[in-house]
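A, B, ... follow the sequence lines: proteins, then strands. Residue 1 opens every chain. Nothing here was measured: the structure is a model prediction, and the numbers come from that model.
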There are 2 protein chains.
Amino acid sequence: MAAVNLKQLAKILNLSISTVSKALRDSHEIGDATKERVLAKAKEMDYTPNPFASGLRRNKSKTIAVVVPEVANNYFSLAINGIERIAQENDYHVLIYLTHEDIEKEKGIMKHLENKRVDGVLMSVTMNTSNQTHLSDFQQKGIPIVFFDRICHEIETAKITTDDYISGINATKHLIENNCKDIAFLSLGDEISIMQKRKSGYLEELHKNNMEVKPERVIKCGNDDEHNYALVKKLLTGKNKPDGIFASVEKLAITTYQVCRELNMNIPNDVKIICFSNLETASLLSPSLSTITQPAYNIGKTAAEVMFKYLDKNKTYIPNENIVLQSTLHIRESSQQIV
Amino acid sequence: MAAVNLKQLAKILNLSISTVSKALRDSHEIGDATKERVLAKAKEMDYTPNPFASGLRRNKSKTIAVVVPEVANNYFSLAINGIERIAQENDYHVLIYLTHEDIEKEKGIMKHLENKRVDGVLMSVTMNTSNQTHLSDFQQKGIPIVFFDRICHEIETAKITTDDYISGINATKHLIENNCKDIAFLSLGDEISIMQKRKSGYLEELHKNNMEVKPERVIKCGNDDEHNYALVKKLLTGKNKPDGIFASVEKLAITTYQVCRELNMNIPNDVKIICFSNLETASLLSPSLSTITQPAYNIGKTAAEVMFKYLDKNKTYIPNENIVLQSTLHIRESSQQIV
DNA sequence: TAAAATTACTACATCGTTTGCGTAAATAGT
DNA sequence: ACTATTTACGCAAACGATGTAGTAATTTTA
């Protein structure tokens, strides 16, 4: 029942606590015969070190935190998958925290993590994280952060992203090539870096094609699904409807599908759609959804690998580094001109 | 930079360490004036207790673990969402572990958790978890487990499930009412309880309608997507095809959609489909997918609530309790007779 | 008014590990 | 053979917070 500890092990083995401890950690100070005796007994008694005691003593938690806006989301859950894999390989534990896009919650979570509960934090910030003092304060405590996807430029550390600007260009170019004359961009807030990059790509490509850049074509959506629905419905209801929609995140594309269904609009005849998405059922939708798909699993995996690269060396300072992975464009029915 | 601790706070305040500690915990032994002075200074210095020190001393981790097969899955991510919400409300932290349906990984994870790293475990077992000695062993260590969805009958504790048997009956009945004469059941393994219940409902309803119960209509799928694809393809290729498919989990329905697409089979004309699923895009699929939808968020929430009910009382023993939540049937195009 | 009780604090042992230092005994070096 | 060095272990002090058992000083009670 009760977990066995070093003291009990030592008593049974007739050795001192420190000898047992050192033997278990394979110290050179301990003779081979003793080591084997200790190992065998430890296994027999099912000894595992108390993580709080060793955490306290060594000032290491063997734990990282993942702070993300949500988990019921294909992108983040895949990223977590990658992170968890690397963590297990490194014998680390993964704490998970959800901000639900709430900057106050994000601040509270970081506050909770300041006391060395974790050795490092992997995070994707809130759509509302414009002020980042809570993040630089956090770094000051000596706990490293690695950002993935939704990064914070101002914080010096490693950042894993995808080629959002290029993807923005490619998606827009694709819509233009399929005869779209008036493309709207559905943004998620406008604070965060990925939105700015995706939007830049969109604007740049419009510009390059001498298409008019109308500010009202950039729709600033948010975290409230009903409000987003209303925004998209309004966009598609007036007489000045766009003939193409570039959704910056998956859920806005889904909302658009739902709006089109209600308004009896045909995709892609009435409006063409492309979006950033990791939806596994994209090809089964009606019509199948064209996507820019980020390598979510690898993003998480890479972020974790970078973190462990520094944790292994006991470095709490991670210098600026931008790792950019490539997204892939999957053209399906929703964005294609029907010939 | 360095985190401030009790000793430093005490020195600055010219008080003893224990006085400061007690003041912070609002002990009656400390005078009001002193309390205020301490609180103010603690806030000013941004003091937060070291979780390892207090964890060690009080033998409490303020952490629970969630052990699930996967996270890139709508059901589990919603459940995690519910769990995390309740954990945050209770000032608890959430560790996450993925088994990837691997029983050996599950055993290893439980082994890792035995040493009081967590105060409790919420879990959904692997599809291969038939032998549960690693779980009863774990319980013996004095750490409570609460099961949700994929439960372990033999372990005495609280179990949160949905009315899978009834849902199995309803789904099957629905297919029969829509003229299916030969319904296949896609199972995920056959060890775990939910599969047995869903299958029982399926078999029972066939029986009630005097339909032949062919053993080869129960397809035992697994964790290998390609293998599942082959199994479903074989099922739908021969001359003795079923005209209805009841998929026990979401991913098997998606596989079935993909197979039908390859085989150029029309859903629901050639074969009707219904499945357990929390897919948010079910209604946008082509054709829209009929589902039995479990209240995943509430299942997670409930599991966490039950856990905290006992943790609050410092009870490590949770008596048997079966909490059954209701799933809802969403009839869409994939399962309906076209008139 | 002496004894009892309360108040407001401090000292210290403790949780389980880790690790620097000390020390006998065994081995090596000259 | 006598001093170095190495080997193999034990002692004890941390790590930071908690809580029991004190202890003066003050207040209450009989």
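Contacts of B:Ile17 with the nucleic acid, taken as non-hydrogen atoms under 4.0 Å apart, include base atoms. At the heavy-atom level, B:Thr34 lies under 4.0 Å from the strands shown only through sugar-phosphate atoms.
Between the side chains of B:Glu106 and B:Thr129, at least one donor-acceptor pair of N or O atoms lies under 3.5 Å. For A:Thr133 and A:Asn131, the side-chain atoms include at least one donor-acceptor pair closer than 3.5 Å. Using modelled atom types, one finds no donor on one side chain facing an acceptor on the other under 3.5 Å when comparing A:Gln88 with B:Tyr97.
B:Lys35 places its NZ atom 10 Å from the P atom of C:dC9, with the value rounded to the nearest Å. Here C:dA13 presents its P atom at 14 Å from NZ of A:Lys7, a figure rounded to the nearest Å. Rounded to whole Å, atom P of C:dT17 lies 9 Å from atom CG of A:Leu9. For the pair A:Leu6 CG and C:dT19 C1', the interatomic distance rounds to 13 Å; values are reported in whole Å. Computed from coordinates, the B:Lys62 NZ to D:dG16 P distance equals 22 Å when rounded to whole Å. As rounded to whole Å, 17 Å separates atom P of D:dG16 from atom CD of A:Glu114. Rounded to whole angstrom, the span from the CD1 atom of B:Ile30 across to the P atom of C:dA11 amounts to 13 Å. Nucleotide C:dT17 holds its C1' atom 13 Å from the CG atom of A:Asn59, rounded to whole Å.
Among the nucleotides C:dT10, C:dG16, D:dC11, the one closest to any side-chain atom of A:Ser16 is D:dC11. Of the candidate nucleotides D:dA17, D:dC11, D:dC15, D:dA17 has the atom nearest to the side chain of B:Ser54. The nucleotide whose nearest atom lies closest to any side-chain atom of B:Ala53 is, among D:dA17, C:dG16, C:dT10, D:dA17. With D:dA17, C:dG16, D:dG19 as the candidates, the nucleotide lying closest to the side chain of B:Arg58 is D:dG19. For A:Arg25, counting side-chain heavy atoms from C-beta on, the closest listed nucleotide (C:dT10, D:dA17, C:dT19) is C:dT19.
Of the residues near DNA chain D, B:Asn5 and A:Ser18, the one whose nearest nucleotide (by heavy atom distance) lies more toward the 5' end is A:Ser18. A residue-by-residue look at B:Glu29 and B:Tyr47 shows that B:Tyr47 has its nearest nucleotide of DNA chain D further toward the 5' end.
Contact check for B:Phe148 versus B:Val68: side-chain heavy atoms found under the 4.5 Å cut-off.
The base of D:dT20 is paired with the side chain of B:Lys22 by a donor and an acceptor separated by under 3.5 Å.
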Practice problem: Under the salt bridge (charged side-chain N to carboxylate O under 4.0 Å, His left out) rule, what do A:Lys62 and A:Asp91 come out as? Steps first, then yes or no, please. | Solution: CA-CA 7 Å; A:Lys62 281 274 181 184; A:Asp91 248 309; 5.9 Å; no
